A.B. asks: 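Have a look at this one before I ask anything.
The residues of the chain are indexed from 1 along the displayed sequence. No experiment lies behind these values; they were computed from the predicted model shown.
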Amino acid sequence: MQILQTVLLYVVPFLLVLGVVVTVHELGHFLAAKWLGTKIDRFSIGFGHAIAHWTDKSGVEWRIGWAPIGGYVRFAGDDNAASIPDAEDLKGMRQELIAQGRGAEIDRYFHFKPIWQRAVIVGAGPVANFLLAIAIFASLLMAFGEWVVPARVATVAPNTPAAAAGFQAGDLIVEAAGRKIHRFDEVKEIISVRAEVPTEFVVQRGGREVHLTATPRWNETDDPVAGKQRLGLLGIAPAQSRDDYVQIHYGPVEAVGRGAVKTWRTLETTVYYLGRMITGQVSADELRGPLGIASVAKNVATLGADSSESVGDKIFRSGLNLLQLAALISVSIGFMNLLPVPVLDGGHLLFYAYEAVARRPLAAKVQAAGYRVGLALVLGLMLFATWNDLQRNRVFNLFGGLFS
């Protein structure tokens, strides 16, 4: 019973969220390749032995692998998972196609495509992830609108960075860290990733603008969704009365615009926080792996269910929460895939940039070596993130429940 409960609470939400994000990523590659007339052999969701597969009229094999983490698009002529073109292999492939009387197909093979077309196909995966996030945010905004509270300070806690900086009750924050502020959530988002970083604020006070500088401090919290976190704390709070909240309704155009802004802000925050992590300003212990994502997915789903009464409402609210999580993860996966690391989309784009400048592909041996290094980096990062997950009590409790 404990195992079944764990599967329902952790595994199912995790696979649903990751499955949607990965499928859309691979569909980005697939649709771009189709648009540019590229011959495709296979579209796979998951790895390993196929538990289901079929072939469509265009000759593409669609399959679902038994390990539903990840996926790939296999183009005609790919002889390895990294799509590393070997000059001799490509020469032999060209000669073989000509010998078989299929010379007209050469232009449909991915590795014989112009550089710009290959770059478009590779970059389409991350772009699809960003578009998915925009679509999810926009859909939710159109359907339910958005409850916001103005960025007006109601209280300033004593002995906090805000008090030291001179914040006062009644201040309306209009700018923080160079970003225009329209709602209090935007202030929280900025503060959370800027612990120990002096941050400029502009507030309206008594009809005039006042410039303040505050340095958020680290504060450990136990979030019902994300678990234990170390985030920046300033020491201000907005008005808590329901009357202070305003519901904003969006039409289709406004919703897409707001969805794009939310996606950009999420990406901007991710890049900034990762930059601080790389430079050692933030501990890498906050990095999450598959187990951590599974834990968050479970918390998101159960949080929606706990606030509902009927079974239908539980499923509905859980689904909405998981959709929002999928949007956030989609942004992260889109960004991570653009990093210039061989084996990721960004690594392929880096090789294409070299090819465009040097007017010849990077030597296959160099690409292969880069692929191995990139794979080692990615696997090492995943192992490190998984270790971080195992350090969190919630995940330890998961395994303790399974094997006790």
Side-chain angles (χ1 to χ4, degrees), residues 3-28 45-46 64 67-71 125-126 128-147 185 189 222-229 250 255-256 258-263 265-267 269-270 287-337 385-386 389 392 394-395 397-398 401:
I3 294 178
L4 178 60
Q5 182 179 354
T6 298
V7 169
L8 291 176
L9 292 180
Y10 285 85
V11 179
V12 172
F14 170 71
L15 292 181
L16 284 174
V17 170
L18 199 63
V20 169
V21 173
V22 169
T23 299
V24 169
H25 179 93
E26 297 304 328
L27 275 175
I45 299 301
I64 300 175
I69 300 179
N129 283 130
F130 299 140
L131 292 178
L132 171 64
I134 293 173
I136 291 175
F137 287 139
S139 298
L140 294 175
L141 289 169
M142 277 194 295
F144 306 103
E146 188 176 25
W147 285 95
D185 281 348
E189 180 182 281
D222 193 358
D223 188 89
V225 171
K228 291 183 179 179
Q229 290 182 302
Y250 296 91
V256 171
R258 177 61 183 159
V261 169
K262 288 173 74 70
T263 299
R265 292 282 171 82
T266 302
L267 178 61
T269 302
T270 301
L287 200 63
R288 292 180 185 271
L291 294 178
I293 296 174
S295 179
V296 171
K298 172 261 183 185
N299 293 336
V300 165
T302 55
L303 188 64
D306 290 343
S307 61
S308 310
E309 295 183 0
S310 68
V311 174
D313 196 38
K314 289 178 184 291
I315 295 174
F316 178 70
R317 289 179 179 272
S318 296
L320 290 181
N321 287 346
L322 287 174
L323 269 178
Q324 295 184 70
L325 177 63
L328 298 175
I329 292 178
S330 191
V331 174
S332 297
I333 287 182
F335 166 69
M336 294 299 291
N337 268 278
T386 300
D389 295 338
R392 293 184 173 89
R394 293 188 181 208
V395 179
N397 290 341
L398 161 63

A.B. asks: Of all the heavy-atom pairs spanning V22 and G71, show the shortest one and how long it is.
C.D. replies: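 Looking at all heavy atoms of both residues, the closest pair is CG1-N, 3.7 Å.
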
A.B. asks: Rounded to the nearest 0.5 Å, what's the gap from CG on L131 to CG on L27? Could you check?
C.D. replies: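 L131 CG to L27 CG: 12.0 Å, rounded to 0.5 Å.
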
A.B. asks: Taking atom OG1 of T263 and atom CD1 of I136, what is their separation to the nearest 0.5 Å?
C.D. replies: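 The distance works out to 9.0 Å.
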
A.B. asks: List the atom of A255, the atom of M142, and the distance in Å for their closest heavy-atom pair.
C.D. replies: CB-CG, 3.2 Å

A.B. asks: So which atom in N337 and which in P126 form the shortest heavy-atom distance, rounded to 0.1 Å?
C.D. replies: CB-CG, 4.0 Å

A.B. asks: Taking all heavy atoms of S332 and all of T270, pick out the closest pair and write down the distance.
C.D. replies: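 That closest heavy-atom pairing would be OG-OG1, 4.4 Å.
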
A.B. asks: For residues V331 and T266, report the shortest heavy-atom separation together with the two atoms involved.
C.D. replies: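 That would be CG1-CG2, 3.9 Å.
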
A.B. asks: Test side-chain contact (heavy atoms from CB on, under 4.5 Å) on L132 and V20; report intermediate values, then the result.
C.D. replies: CA-CA 9 Å; L132 171 64; V20 169; 4.2 Å; yes

A.B. asks: Rounded to the nearest 0.5 Å, what's the gap from CD on E189 to NZ on K262? Could you check?
C.D. replies: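 The NZ atom of K262 is 8.5 Å from CD of E189, to the nearest 0.5 Å.
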
A.B. asks: Output the distance between atom CG (L18) and atom OG (S330), rounded to the nearest 0.5 Å.
C.D. replies: 10.5 Å

A.B. asks: Counting distance only, does the side-chain N/O of N129 pair as donor-acceptor with the main-chain N or O of F335 below 3.5 Å?
C.D. replies: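 Not confirmed, N129 side chain does not pair with F335 backbone.
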
A.B. asks: Identify the two heavy atoms, one from G28 and one from A128, that lie closest to each other, and give their separation to 0.1 Å.
C.D. replies: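 Taking every non-hydrogen atom into account, CA-CB, 3.7 Å.
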
A.B. asks: In Å, rounded to the nearest 0.5 Å, how long is the span from CG of D185 to CZ of R265?
C.D. replies: 11.5 Å

